[in-house]
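In this chain, residues are counted from 1 in sequence order.
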Amino acid sequence: MREWHARTAGFPGATIGKRTVKELRYGDDLVLFALSAAEAEAALNILADVSKPYQLVIHPGKTAHLVIQMDPSSADTVHMGTSTIPNVNSSMYLGSVITHSTDDTPEISKRIGIAKTTLRRCKYLHSPHLSDATKLLVIRALVMSRLTYGSTTYIVFTSSSVYHLY
């Protein structure tokens, strides 16, 4: 990533709060931030180029172009080499759905559904042999963990917009 950072030093990235962010990394997942399709395409192709010596390949079928706060169908096309990267309405990152409109409703609804299903499966919570304290511990461990999984969220407010970073 050092070479990628050096070669993309002139790219502005996205400003979130008082920080400039060009990428988010977790394990083998990577999100690139860009202010234009041209910048996204250049950053992606530089990443592909600096990855080659390490025999790392970016799979175009697993790569998507998500434009925040804009209709994806009106977004410019991004290419990686000869492959066209599809524009999408939403994308899954670390188990969370990120939408072009930054609407968290689908993600919250999904998490509530998962938590409800988990709670329904905990039939032993109706047992008179478990104390209320034990039942609460079980709920916190099994239900709340599913409700809040992947929900570390940073909300950055600006004068005109709200940006969500998962």
Counting only N and O atoms by type, is there a donor-acceptor contact under 3.5 Å from the side chain of Glu41 to the main-chain atoms of His79?
yes
What verdict does the side chain to side chain contact (heavy atoms under 4.5 Å, CB included) test give for Leu125 and Leu119, after you've listed the backbone C-alpha separation in whole Å, the side-chain angles of each residue and the deciding distance to 0.1 Å?
CA-CA 9 Å; Leu125 290 176; Leu119 186 58; 3.8 Å; yes
Can you see which heavy atom on Ala34 is nearest to which on Ala40, and at what distance?
CB-N, 3.5 Å
Heavy-atom nearest pair, Arg7 first then Val50, reads NH1-CG1, 3.4 Å
Looking only at heavy atoms, which two atoms of Pro86 and Thr63 are closest? And how far apart?
CD-O, 3.5 Å
What's the shortest heavy-atom distance between Leu24 and Phe33, and which atoms?
CG-CE1, 3.8 Å
Distance col, row Leu130:CG vs Cys122:SG, nearest 0.5 angstrom, shows 11.0 Å
Once rounded to the nearest 0.5 Å, what's the spacing between atom CG of Leu47 and atom CG of Leu56?
9.0 Å
Does any part of the side chain of Ile139, heavy atoms only, come nearer than 4.5 Å to the side chain of Leu137, both counted from C-beta?
no
Lys22 and Trp4, any side-chain heavy atoms less than 4.5 Å apart:
yes
Return the CD1 to NZ distance between Ile58 and Lys52, rounded to the nearest 0.5 Å.
9.5 Å
If you define the side chain from C-beta out and look only at heavy atoms, does anything of Val88 sit under 4.5 Å from His65?
no
Where Pro12 and Leu35 come nearest, the two heavy atoms and their spacing:
CG-CD1, 3.6 Å
Once you round to the nearest 0.5 Å, how far does OG1 of Thr8 lie from CD of Glu23?
8.0 Å
